[in-house]
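Structure first, commentary second.
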2 protein chains.
Amino acid sequence: MKRTSMEGVMCPVARSLDVIGDWWSLLIVRDAQSGLRRFGEFQKSLGVAKNILAQRLRHLVEHGILETQPASDGSAWQEYVLTEKGRSLFPILVALGQWGQQHCFEAGEPRTRVLDKAHGQPVKPLEVRAADGRVLTVQDVRLERPPPQG
Amino acid sequence: MKRTSMEGVMCPVARSLDVIGDWWSLLIVRDAQSGLRRFGEFQKSLGVAKNILAQRLRHLVEHGILETQPASDGSAWQEYVLTEKGRSLFPILVALGQWGQQHCFEAGEPRTRVLDKAHGQPVKPLEVRAADGRVLTVQDVRLERPPPQG
DNA sequence: CATAACTGGTTGCATAACGAAACCAGGGCC
DNA sequence: GGCCCTGGTTTCGTTATGCAACCAGTTATG
């Protein structure tokens, strides 16, 4: 069988999903962005089975999204911290969060929010913009496929 | 067993992933955004097994991301078209695409790009902004968790 | 109008991924 | 040294995935 891989495909979305497209990876990254570092912290926060967590952490390290380093508290354990590549997933998480907030909650239902540290205000909804600054919707864009590499 | 569900969880990211977090769903939405409508079109574009595709389409319809409608060409078949909820996934796809483009390709490797229809220019990199317009990184935000609903 | 071919699926089966729980090794603590 | 905690690995049963075969309704063809 084999779960289909998108490694050779030219669509960047597919390539991304190849790396972070499984269920837990993005949630791990999300927790890492909010400061978690230790195996046990992730396990407690996510409630995921330990074998799955170990597997995902290894996967994320292999793909350069997390890296291991000696624990900051002087103990002999190691910590998982985000690389630059991992930190740059931030807009994806914000986009997912904003969409989920709008479409996956009932009106009064309590939810976690992302706030600007400086003023405690929610962040602005993400906008896709053209080079000249115009806000774009899906109708305003087109895909450019590279020529078949003969 | 049961693949863990995040339905009761307060994190919007988790809720989103509950709906669109599996491997194929976002790719289907991506193709739908670029204009595909018919079962056969999706199948050809994605190369996915037909049973999986049928299952995913049903899932996306159930969650209100796609809806079925009679074919626009007058034939008796039906088409799958995006709802407003589905169209609003656009920033997520752009975010995934931009990240994948930066981090999952070799330097000269050809890739599909999203261009502004009006001028043929690539869209701007997404930016997370505060209410007052400042660009925010992950260090500039914090999470507000709602009080435990006692 | 009969029939061939296409679209849009469903069913069955083999295999890989997932999940829970048990197990285990090394570290830290007394 | 004995005991518990952290951070995993192993084992095993269940679920999801992928392929291929099959099938009904629709459209094209003669």
When the distance from [atom1] of [X] to [atom2] of [N] is rounded to whole Å, what number comes out?
X     : N      : atom1 : atom2 : result
A/L57 : D/dG8  : CG    : C1'   : 11 Å
B/Q78 : D/dT27 : CD    : P     : 13 Å
B/I28 : C/dG9  : CD1   : P     : 12 Å
A/K50 : C/dG19 : NZ    : C1'   : 14 Å
B/N51 : D/dC19 : CG    : C1'   : 8 Å
A/L53 : D/dG7  : CG    : C1'   : 10 Å
A/W24 : C/dA17 : CH2   : P     : 18 Å
A/I52 : D/dG7  : CD1   : C1'   : 16 Å

For this session: Please identify each residue that fulfils side-chain hydrogen bond (donor to acceptor under 3.5 Å, both in side chains) with A/T137, with sequence neighbours left out.
Result: A/Q139, A/D140

Please confirm whether the shortest side-chain N or O distance from [X] to OP1 or OP2 of [N] is below 4.0 Å.
X     : N      : result
A/R58 : D/dG7  : no
B/R56 : D/dT17 : yes
B/Q55 : D/dT17 : yes
B/W77 : C/dC6  : no

Exercise. Will you find, in the side chains of A/S88 and B/H103, an N or O donor that is under 3.5 Å from an N or O acceptor?
Worked result: yes

Problem set entry | Selection: residues 31-46 of chain A, any non-hydrogen atom under 4.0 Å of DNA chain C | none

Seminar exercise, completed: When A/G47 and A/A76 are each assigned the nearest nucleotide of DNA chain C, the 5'-most assignment goes to A/G47

For this session: Drop me the distance from B/L126's CG to A/I92's CD1, to the nearest 0.5 angstrom.
Result: 9.0 Å

Problem set entry | pair A/M6-B/C104: side-chain heavy atoms closer than 4.5 Å | no

For this session: Find out whether B/R30 and A/L143 are in side-chain contact, i.e. whether some heavy atom of one side chain is under 4.5 Å from a heavy atom of the other.
Result: yes

For this session: Kindly write out the residues that satisfy side-chain contact (heavy atoms from CB on, under 4.5 Å) with B/R37, not counting sequence neighbours, or none if the list is empty.
Result: B/E41, B/Q69, B/S72, B/E79, B/V81

Exercise. What about A/L96 and A/F90, same hydrophobic cluster or not, with Ile/Leu/Val/Met/Phe/Trp/Tyr joined at side-chain heavy-atom distances under 4.5 Å?
Worked result: no

